[in-house]
Structures are given as structure tokens and as C-alpha cells.
*Asks:* 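This is the structure I have questions about; it appears just below.
Note that the structure is predicted; figures quoted are calculated from it, not measured. The figures here come from the full heavy-atom set of this structure, side chains too, leaving out hydrogens, waters and symmetry mates.
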Amino acid sequence: MTTLTTTPDGSAARRSAPPASPAPAGRRPRQGGTVLAVPALVWYLVFMVGPLLAIFVIAALHWPGMLQPVSFAGLDNVRTVLDDPVFWDAVRNTAVQLAVAVPVMIVCAFMLGYYVAQRPPGHRVIRYLLFIPGLISTPAKAMVFYAALSPDGLLNGGLESVGLGSLADAWLASPSTALACLIALDIWAGIGFTAVLFAARLGSVPDELGEAAQLDGAGHWRTMWSVHFPVVRDYVGVVTMLQFLWTLFGSAQHVLLLTQGGPGTSSTTLSFLVYQKAFIAADLGYSQTVGVLLFLAGLVGLLTIRRVFRQNY
């Protein structure tokens, strides 16, 4: 680099500036972001990875209660679980619950979200109404369904008022309908919030896509599934994963509040079986063995959903 300097006689002269000293070899810019991530990493290891490892450890123990002596069981708990018919009843009930609740919830929520995203008259009020199930606590939801499905509840009263009293039943106490009632509660509790999520995502889709499809003669049904659904396919996969996990791991609270797993084992799910064996039967080894199998089922389910929706993360 050259600079201009003034000589004593007033004339200008060019003088080369000394070259800038190079940065010391091996010296890199300081990385401050890593330090900021340490608290979150420690929190994740202690409260997420730690309990997960504890599940696998307890599953290998004979532990008949919190204050009882502990002994090593190895694979005995696995054999006990796999030989227990109650476990297979819970597997069947959980499979039925997932196979019905998740597809119905996702399809209906997507259709409802598409309708709201079209901004029909009163669409702002509809968005607030869809949030109502999410604002109600789980015990309150259970009480609403108990009031509707009890022998003297709203459903039987409505059937009798229209001359269909022969169809009345003790819905929550019948082996043929108890699980269906729980599935209905899962769908009702999750469909509104999921529809709002879909409406928010569909609202970012350019209006020109739908207008072009309608100019080509496509109706709302074809526009919804052939134009908008492919655009938000990745988001549908994410929401499906969330609903799958919420249904798989969160069904115990509805079972506990409404049916206690009965009549018999007709409404016992895997997540409720984990609670029942741990806190009622005081068999922690059995409970956490089911917990391990439940974790593996959730992992397989997530990988399957990612493959179906071609997720890239």
C-alpha cells in the first residue's frame, strides 16, 4: 500500500506503507456460542437422557416397591411381560387407538384447517372456538365426557327423546364401547388445536395456486388435496408425529379418569399399564419393561411416519 507524503520543499512524494502483520498462525476467532449452549446441554443430559437411561436400568431389576429391596432380574421381566395376556390386550387396544384416532384426527383437522384458511365469514371466531378444547384441563374434559356418556347422561337422554331408547347403553362401562369412548375423547381434544396449526400453515400458501387450480376447473375438494396438501406435506408429517406421540404416551390420563382400564382390560392401553404396574401393583420392574417397549414402539412409529411423508430431517 502506498501513501502520499509532503517533502520540505512542498512537493508530494509517494512512500510505501509497511505491510500489515499477518495474524498469528493457529489463531481463530473466538466462538462464544458454544458456551451459551452448555446450560441447555446439561439440562438435556440430566432431565432427558438421564431418565431415559434409568428406564432401561429399572427394567432389568426386581423392584417390588419404592422402599423394598432391589435385585437384578436380567431378562426375567421381559419374559414375564411377554407371557402376560394383559400386556397383549394393552397392545391390541393401543394399536386400535392409534389406527383410528390419529388418521381421523389428521384428516379432519386438515380439512377443517383448509376451510378456516379460506377466511369464510366469521373465520376469526371459528379460530377461537377451535382452541376451546385445548384450554380445558384434562379432568374437565373427562367430566364433560362422563356427563355425556353415563347411563343417565346426555347421550342416552337424547336417544330416548327421539325414540331410540333401545340403543341406550352404559357406554363407559361396556366392554364393546369403552375404548371407542376414549378414542372419541382423544379426537375431540386434539382436532381443534391441530386444525388451527394447519390453518396457520395453509395461510402462508400463495393464493395464486388455488386461484389457478379453480380457473382450470378444480373444485375445493380437488384444490385442497391436489394443490394445497402437497405444498404442506412436510408440515402434515410433523403434526402427525406430534399427534402420534401425544396419543401413544398421553392416553393414560383419560383411561385413569374415565374407565380405570376396564371393564376387565377392554380399555387398558400401554401407557396406562405403565402407570398401573408402577403405582397400583408396585411392580417397578414390570412397569419400566413395558415403558421400554413403549419407547421402542414410539421410535418405530416416528421412523415409519417420516418415511411415509418423506421427511428430510
Side-chain angles (χ1 to χ4, degrees), residues 85-113 130-151 153-156 158-159 164 167-198 236 239-276 290 293-294 297-298 300-302 304-305 308:
V86 175
F87 168 75
W88 292 110
D89 289 341
V91 170
R92 183 197 63 224
N93 294 335
T94 301
V96 172
Q97 183 184 36
L98 293 173
V100 176
V102 175
V104 171
M105 187 186 307
I106 295 300
V107 172
C108 294
F110 179 79
M111 296 171 63
L112 188 56
L130 291 175
F131 260 116
I132 289 179
L135 299 175
I136 302 176
S137 65
T138 299
K141 296 175 188 176
M143 287 304 299
V144 169
F145 264 67
Y146 181 81
L149 300 174
S150 62
L154 298 176
L155 180 56
N156 287 340
L159 291 174
L164 298 176
L167 299 178
D169 196 0
W171 304 99
L172 292 173
S174 174
S176 60
T177 58
L179 182 61
C181 294
L182 295 174
I183 294 174
L185 176 55
D186 290 332
I187 295 173
W188 177 79
I191 192 172
F193 180 75
T194 307
V196 173
L197 295 179
F198 280 133
V236 175
V239 175
T240 303
M241 283 192 241
L242 293 177
Q243 287 295 352
F244 171 79
L245 293 177
W246 288 337
T247 304
L248 180 64
F249 295 104
S251 63
Q253 52 189 348
H254 294 158
V255 178
L256 175 65
L257 292 170
L258 287 176
T259 65
Q260 296 285 321
T265 59
S266 61
S267 63
T268 300
T269 61
L270 286 175
S271 60
F272 178 74
L273 187 61
V274 173
Y275 164 83
Q276 185 184 49
V290 177
L293 298 176
L294 190 62
V300 172
L302 287 183
T304 303
I305 294 172
V308 170

*Asks:* Which label fits Phe198 and Phe110: parallel for a plane angle under 30°, tilted from 30 to 60°, or perpendicular past 60°?
*Replies:* perpendicular
*Asks:* Supply the atom-to-atom distance Cys181 SG to His254 NE2, rounded to the nearest 0.5 angstrom.
*Replies:* 13.0 Å
*Asks:* Is a side-chain N or O of Thr94 found less than 3.5 angstrom from the main chain of Ala90, in a donor-acceptor match?
*Replies:* yes
*Asks:* Which distance, rounded to the nearest 0.5 Å, do you find between the CG of Asp89 and the CG of Leu270?
*Replies:* 10.5 Å
*Asks:* Should the heavy atoms of other residues, nucleotides or ligands under 6.0 Å from OH of Tyr146 be counted, would the total exceed 12?
*Replies:* no
*Asks:* Which heavy atom of Ile187 sits nearest to which heavy atom of Met105, and what is that distance?
*Replies:* CA-CE, 3.9 Å
*Asks:* Establish, from distance only, whether the side-chain atoms of Gln276 and Thr268 form a donor-acceptor pair under 3.5 Å.
*Replies:* no
*Asks:* Could you give me the CA-CA distance, side-chain angles and deciding distance for Val96 and Ile183, then say whether side chain to side chain contact (heavy atoms under 4.5 Å, CB included) is met?
*Replies:* CA-CA 9 Å; Val96 172; Ile183 294 174; 4.2 Å; yes
*Asks:* Given the rule in the side chain to side chain contact (heavy atoms under 4.5 Å, CB included) test, do Phe145 and Leu257 qualify, once you have shown the distances and angles that lead to the verdict?
*Replies:* CA-CA 10 Å; Phe145 264 67; Leu257 292 170; over 6 Å; no
*Asks:* At what distance, to the nearest 0.5 angstrom, does CG of Leu167 lie from CG of Asn156?
*Replies:* 9.5 Å
*Asks:* Which atom pair, heavy atoms only, marks the closest approach of Ala195 to Leu130?
*Replies:* CB-CD1, 4.1 Å
*Asks:* Given 3.5 Å as the limit, does a donor-acceptor pair link the side chain of Asn93 with the main chain of Thr265, or not?
*Replies:* yes
*Asks:* Can you name the residues that form a ring pair (Phe, Tyr, Trp, His ring centres under 6.0 Å) with Phe244, not counting sequence neighbours?
*Replies:* none
*Asks:* Are any non-hydrogen side-chain atoms of Leu273 and Val86 less than 4.5 angstrom apart?
*Replies:* yes
*Asks:* Taking only residues two or more places apart in sequence, or in another chain, which ones meet Ser266 in a side-chain contact (heavy atoms from CB on, under 4.5 Å)?
*Replies:* Pro175, Ala178, Pro263
*Asks:* If you apply the rule side chain to side chain contact (heavy atoms under 4.5 Å, CB included), what do you find for Phe87 with Leu293, and how did you get there?
*Replies:* CA-CA 11 Å; Phe87 168 75; Leu293 298 176; 3.6 Å; yes
*Asks:* Is Ser271 reaching over with its side chain to a backbone N or O of Gly250, donor-acceptor style, under 3.5 angstrom?
*Replies:* no
*Asks:* If you take all heavy atoms of Leu182 and Ser267, which pair is closest and at what distance?
*Replies:* CD1-CB, 3.7 Å
*Asks:* Out of Leu154, Leu164, Asp169, which one pairs with Leu159 under the side chain to side chain contact (heavy atoms under 4.5 Å, CB included) rule?
*Replies:* Leu164
*Asks:* Let me know which of Leu112, Ile106, Val104 forms a side chain to side chain contact (heavy atoms under 4.5 Å, CB included) with Cys108.
*Replies:* Val104
*Asks:* Could you measure the distance from the CG atom of Leu245 to the OG1 atom of Thr240? Nearest 0.5 Å is fine.
*Replies:* 11.0 Å
*Asks:* Please check this pair: side chain of Lys141 against backbone of Leu185, looking for a donor-acceptor N/O pair closer than 3.5 Å.
*Replies:* no
*Asks:* Under the criterion side chain to side chain contact (heavy atoms under 4.5 Å, CB included), which of Leu294, Val102, Thr269 is the partner of Leu248?
*Replies:* Leu294
*Asks:* Give the minimum heavy-atom separation between Trp171 and Leu149, together with the two atoms involved.
*Replies:* CD1-O, 3.4 Å
*Asks:* Rounded to the nearest 0.5 Å, how far does CG of Leu256 lie from OH of Tyr275?
*Replies:* 4.5 Å
